[in-house]
*Asks:* 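Quick one: structure below, then a few questions.
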Amino acid sequence: MPELPEVETILRGISPHLIGQKVHAVHVRQSRLRWPVPDKLAQILTGQTIDAVKRRAKYLLLRTSAGSLMIHLGMSGSLRIVNDEIPPGKHDHVDICLDGLTLRFRDPRRFGSMFWLDPGSDSHPLLDKLGPEPFSGMFNGEYLYRITRKRRVAVKQLIMNSQVVAGVGNIYANEALFRAGIRPDRAAGRISRIRYENLAECIKKVLSDAIKQGGTTLRDFSGGHGQPGYFQQSLNVYGRGNQTCVVCLRPLKVIRLGQRSTVFCNRCQT
DNA sequence: AAATTCTCCTGAAGGC
DNA sequence: TGCCTTCAGGAGAATT
């Protein structure tokens, strides 16, 4: 599923094809995503020029002088630059047609969403509630330590809370906690300042490492083929339940935390 | 206020 | 081969 590194990689892949381009047509074949695609989307976006493409958390923003299209990929969404003669498939819900190329939104499970933002503000209720970007200076160990005093929620659920930090999903929460040597089910309020400093650095590092790999495994944005890789080869715990820990060779534990699959090493993570 | 549960959806995988 | 069940999960809304 697209997490922050995948969204960032998609952004870098599609931006060069979009910036400065005029939208000639918009086709909405399925408007029932997580929330309805705005009725006015085609009318308002057609004829506009895409001035910039930005990311906030896992949202992409396509900016025009008439406002911005805000896109979330949910867990099965993808954006691809295709030749406009390639016929849409079953789950290709929205096409944004440029000069000869089309930005195609596909989302089999339809957990994704699109909103229209009025010009200037880049403000939306869903954006305004988000916590700091993980790469920002605001996000650090001191911040995590400060907001977690007396909180008993599991630290993994804490860092997956988008109001705490934006864009950390299940894969990288598992991976960051393994790197930091912290049990995912440890109460957030029972973690020292120094361990939070380590955790914040591990979150930044695991995300930036994944973005670097995204450059190699997610590089094809033009063609209709190929599923994005999920960086399997560099994952230490996610998807490796009951396999051996890469450090101590003991079997990795699998538990559920907040309906999410959670994998960790009982020995390396305390 | 904080924490937990519910909800949307369909493809993949496993059992029989 | 094919049908059925189970699971996966982002994250806001609803509920406790």
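Just so it is clear, the values below take in all heavy atoms, side chains as well, and ignore hydrogens, waters and symmetry mates. Chain letters run A, B, ... following the sequence lines, proteins first and then strands; every chain starts at 1.
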*Asks:* Using atom CG of A:N170 as one end and atom C1' of C:dA8 as the other, report the distance to the nearest whole Å.
*Replies:*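 The answer, rounded to whole Å, is 10 Å.
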*Asks:* A:L126 near the nucleic acid: base, sugar-phosphate alone, or nothing, with a heavy-atom cut-off under 4.0 Å?
*Replies:*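 Since only primed, P, OP1 and OP2 atoms lie under 4.0 Å of A:L126, the category is sugar-phosphate.
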*Asks:* Can A:S65 and A:D51 be counted as having a side-chain donor-acceptor contact under 3.5 angstrom?
*Replies:*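 Side chains of A:S65 and A:D51: no pair found under 3.5 Å.
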*Asks:* Using the closest heavy atom to pick a nucleotide of DNA chain B for each, name whichever of A:P108 or A:Q157 lands nearer the 5' end.
*Replies:*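 That would be A:Q157.
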*Asks:* Please pick, from C:dG10, B:dT5, B:dA3, the nucleotide with the shortest atom-to-atom distance to any side-chain atom of A:M160.
*Replies:*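 Output: C:dG10.
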*Asks:* Can you tell me if CG on A:D84 sees more than 12 non-hydrogen neighbours from other groups inside 6.0 Å?
*Replies:*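 Check passes, neighbour count above 12.
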*Asks:* CD of A:E3 versus P of C:dG9: gap in Å, rounded?
*Replies:*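 Going from CD in A:E3 over to P in C:dG9 covers 10 Å.
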*Asks:* According to a strict under-4.0 Å criterion, is A:R152 in side-chain N/O contact with OP1 or OP2 of B:dA1?
*Replies:*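 Checking A:R152 against B:dA1: no side-chain N or O falls below 4.0 Å of OP1 or OP2.
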*Asks:* I need the CG-P distance between A:D92 and B:dG11, as an integer number of Å.
*Replies:*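 It is 13 Å, rounded to the nearest whole Å.
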*Asks:* Using a strict threshold of under 4.0 Å (side-chain N to carboxylate O), is an ion pair present between A:R80 and A:D92?
*Replies:*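 Between A:R80 and A:D92 there is no salt bridge, as every charged N stays at least 4.0 Å from the carboxylate O atoms.
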*Asks:* Taking only side-chain N and O atoms of A:S76, does any of them lie within less than 4.0 angstrom of OP1 or OP2 on B:dG11?
*Replies:*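 So the side-chain polar atoms of A:S76 never come under 4.0 Å of the phosphate oxygens OP1 or OP2 of B:dG11.
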*Asks:* Check the distance between C:dA11's P and A:Y59's OH and give it to me in whole angstrom.
*Replies:*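 Whole-Å distance recorded here is 7 Å.
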*Asks:* Report which part of the nucleic acid A:G74 touches: base, sugar-phosphate, or nothing (heavy-atom distance under 4.0 Å, all strands).
*Replies:*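 Sugar-phosphate, no base atom in range.
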*Asks:* Take atom CE of A:M75 and atom C1' of B:dT10, then tell me their distance rounded to the nearest Å.
*Replies:*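 Distance check: A:M75 CE to B:dT10 C1' gives 9 Å.
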*Asks:* Within a reach of under 6.0 Å around CZ of A:R152, are more than 12 heavy atoms found that belong to other residues, nucleotides or ligands?
*Replies:*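 Atom CZ in A:R152 is not crowded, with 12 or fewer foreign heavy atoms closer than 6.0 Å.
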*Asks:* Describe the nucleic acid contact of A:S261 in one word from base, sugar-phosphate, nothing, applying a heavy-atom distance below 4.0 Å.
*Replies:*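 Sugar-phosphate only.
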*Asks:* Closest approach to the side chain of A:V153, judged atom by atom: which nucleotide of C:dG12, B:dT4, C:dA11 is it?
*Replies:*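 Closest nucleotide among those given: B:dT4.
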*Asks:* OP1 or OP2 of C:dG10 sitting under 4.0 Å from any side-chain N/O of A:Y172?
*Replies:*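 Answer no for this pair, as no side-chain N or O of A:Y172 is under 4.0 Å from OP1 or OP2.
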*Asks:* In whole angstroms, how far is the P atom of C:dG9 from the NZ atom of A:K156?
*Replies:*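 Roughly 8 Å, once rounded to whole Å.
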*Asks:* If I take atom CE in residue A:M114 and atom C1' in nucleotide B:dC8, what distance separates them, rounded to the nearest angstrom?
*Replies:*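 Atom CE in A:M114 sits about 17 Å away from atom C1' in B:dC8.
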*Asks:* Between the base of C:dA8 and the side chain of A:R109, is there any donor-acceptor pair under 3.5 Å?
*Replies:*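 Yes, a donor-acceptor pair under 3.5 Å.
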*Asks:* Parallel, tilted or perpendicular: which fits the ring planes of A:Y145 and A:Y196, with parallel below 30° and perpendicular above 60°?
*Replies:*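 Rings of A:Y145 and A:Y196: perpendicular, over 60°.
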*Asks:* Can you see if the side chain of A:R256 gets near the phosphate of C:dC7 - specifically, an N or O under 4.0 Å from OP1 or OP2?
*Replies:*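 It does not, given that no N or O in the side chain of A:R256 lies less than 4.0 Å from OP1 or OP2 of C:dC7.
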*Asks:* CG of A:N161 versus P of B:dA1: gap in Å, rounded?
*Replies:*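 After rounding, the gap between these two atoms is 15 Å.
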*Asks:* From the list C:dG10, C:dA8, B:dT10, which nucleotide is the closest neighbour of the side chain of A:R110?
*Replies:*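 Nearest to the side-chain atoms of A:R110, counting from C-beta on, is B:dT10.
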*Asks:* Please check the phosphate of C:dG9 (OP1 and OP2 only) for any side-chain N or O of A:K58 closer than 4.0 Å.
*Replies:*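 The answer is no; no side-chain N or O of A:K58 sits under 4.0 Å from OP1 or OP2.
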*Asks:* Quick one: is A:Y238 getting a side-chain N or O under 4.0 Å of the C:dA8 phosphate, OP1 or OP2?
*Replies:*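 Checking C:dA8 against A:Y238, no side-chain N or O comes under 4.0 Å of OP1 or OP2.
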*Asks:* Look at A:R179 together with A:E175 and state whether they make a salt bridge at an N to O cut-off of under 4.0 Å.
*Replies:*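 Not counted as a salt bridge, because no side-chain N and carboxylate O are separated by less than 4.0 Å.
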*Asks:* Under 4.0 angstrom, heavy atoms only, what part of the nucleic acid is A:R34 near: base, sugar-phosphate, or nothing?
*Replies:*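 It contacts base atoms.
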*Asks:* Between A:F111 and C:dG10, do the rings stack, that is, sit under 5.5 Å apart with planes less than 30° off each other?
*Replies:*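 Stacked: centres under 5.5 Å apart, planes under 30°.
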*Asks:* Please work out if A:K90 contacts a base, only the sugar-phosphate, or nothing of the nucleic acid, heavy-atom cut-off 4.0 Å.
*Replies:*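 Sugar-phosphate, backbone atoms only, no base.
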*Asks:* Report, as yes or no, whether the 6.0 Å neighbourhood of atom CD1 on A:I194 holds more than 12 heavy atoms from other residues, nucleotides or ligands.
*Replies:*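 Open: at most 12 neighbouring heavy atoms sit under 6.0 Å from CD1 of A:I194.
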*Asks:* With hydrogens left out and only the distance checked, is there a donor-acceptor pair under 3.5 Å joining A:R260's side chain and the base of C:dA11?
*Replies:*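 Counting by modelled atom types and ignoring angles, a donor-acceptor contact under 3.5 Å is found here.
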*Asks:* Do any side-chain nitrogens or oxygens of A:H91 fall under 4.0 Å of OP1 or OP2 in B:dC9?
*Replies:*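 Result: no.
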